[in-house]
Engineer: 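Sharing a structure, written as structure tokens. Questions coming.
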Amino acid sequence: VRNNVVAAEAVAAVHAGMVTSIDLEVLPRELTLVASAGMDWSVKVWSEERPGEPLFCLPCSSFVVAVKWHPKNPNLLLVACEKGVVELWN
């Protein structure tokens with residue numbers, strides 16, 4: 001992550017299991033959000049303003065294979081789960 005704001009150790013420590021996917025979203029005014037996903041059936045969203053803890057946690061229906069921010073709408077986050085479920089979070 002830009003400027004090492006959200007450290008890999010912090011992301012790994014908060015997930016209860018392996019981290020499977022990470023995606024960045026650079027917002028206006030140089031703010032970066034990071035979405036991390038893992039085998040703990042959750043997605044964590046991080047901000048450079050609070051690098052030591054996630055802003056919030058999204059529960060998923062099974063372990064998460066991938067996360068991806070929408071390329072044009074920074075409010076949308078696509079989550080792909082192991083059981084074939086695709087979730088769109090707003």
Engineer: Using modelled atom types only, decide if a donor and an acceptor are shared between the side chain of D23 and the backbone of W69 within a distance under 3.5 Å.
Structural biologist: yes

Engineer: Measure from the side-chain N and O atoms of S42 to the backbone N and O of P59, and report whether any donor-acceptor pair falls under 3.5 Å.
Structural biologist: no

Engineer: Let me confirm one number: the NZ-CG distance from K68 to L24, rounded to the nearest 0.5 Å.
Structural biologist: 9.0 Å

Engineer: Could you check if a side-chain atom of V45 sits within less than 4.5 angstrom of a side-chain atom of L77, using non-hydrogen atoms only?
Structural biologist: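 With C-beta onward as the side chain, the pair touches.
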
Engineer: Just how far is it from atom CH2 of W89 to atom CZ of F56, taken to the nearest 0.5 Å?
Structural biologist: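 If we round to the nearest 0.5 Å, W89:CH2 and F56:CZ are 9.0 Å apart.
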
Engineer: Sequence neighbours left out, what passes side-chain contact (heavy atoms from CB on, under 4.5 Å) with L78? Give chain and number order.
Structural biologist: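 V86, L88.
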
Engineer: Show me the pairs that pass salt bridge (Lys or Arg N to Asp or Glu O under 4.0 Å) and involve residues 75-90, at least two apart or across chains.
Structural biologist: none

Engineer: Which other residues end up in the same hydrophobic cluster as V65, if Ile, Leu, Val, Met, Phe, Trp and Tyr are linked when side-chain heavy atoms come under 4.5 Å apart?
Structural biologist: M18, M39, W41, F63

Engineer: Should V79 and V85 count as side-chain neighbours, where that means a heavy-atom distance under 4.5 Å?
Structural biologist: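 Heavy-atom side-chain distance check fails, nothing below 4.5 Å.
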
Engineer: Please name the pair of heavy atoms, one in L55 and one in S47, separated by the smallest distance, quoted to 0.1 Å.
Structural biologist: CD1-CB, 3.5 Å

Engineer: Please report the closest heavy-atom contact between S36 and W46, naming both atoms and the distance.
Structural biologist: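 It is OG-NE1, 2.9 Å.
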
Engineer: At their closest point, which heavy atom of H70 faces which heavy atom of E25, and how far apart are they?
Structural biologist: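 Nearest heavy atoms, H70 then E25: O-OE1, 3.8 Å.
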
Engineer: Give every residue pair that meets the salt bridge (Lys or Arg N to Asp or Glu O under 4.0 Å) criterion with at least one member in residues 31-45, sequence neighbours excluded.
Structural biologist: D40-K44

Engineer: Give the C-alpha distance, both sets of side-chain angles, the deciding distance and a yes or no for side chain to side chain contact (heavy atoms under 4.5 Å, CB included) between C60 and V43.
Structural biologist: CA-CA 7 Å; C60 298; V43 172; 3.9 Å; yes

Engineer: With a 4.5 Å heavy-atom cut-off, do N90 and N73 have their side chains touching?
Structural biologist: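 No, side chains not in contact.
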
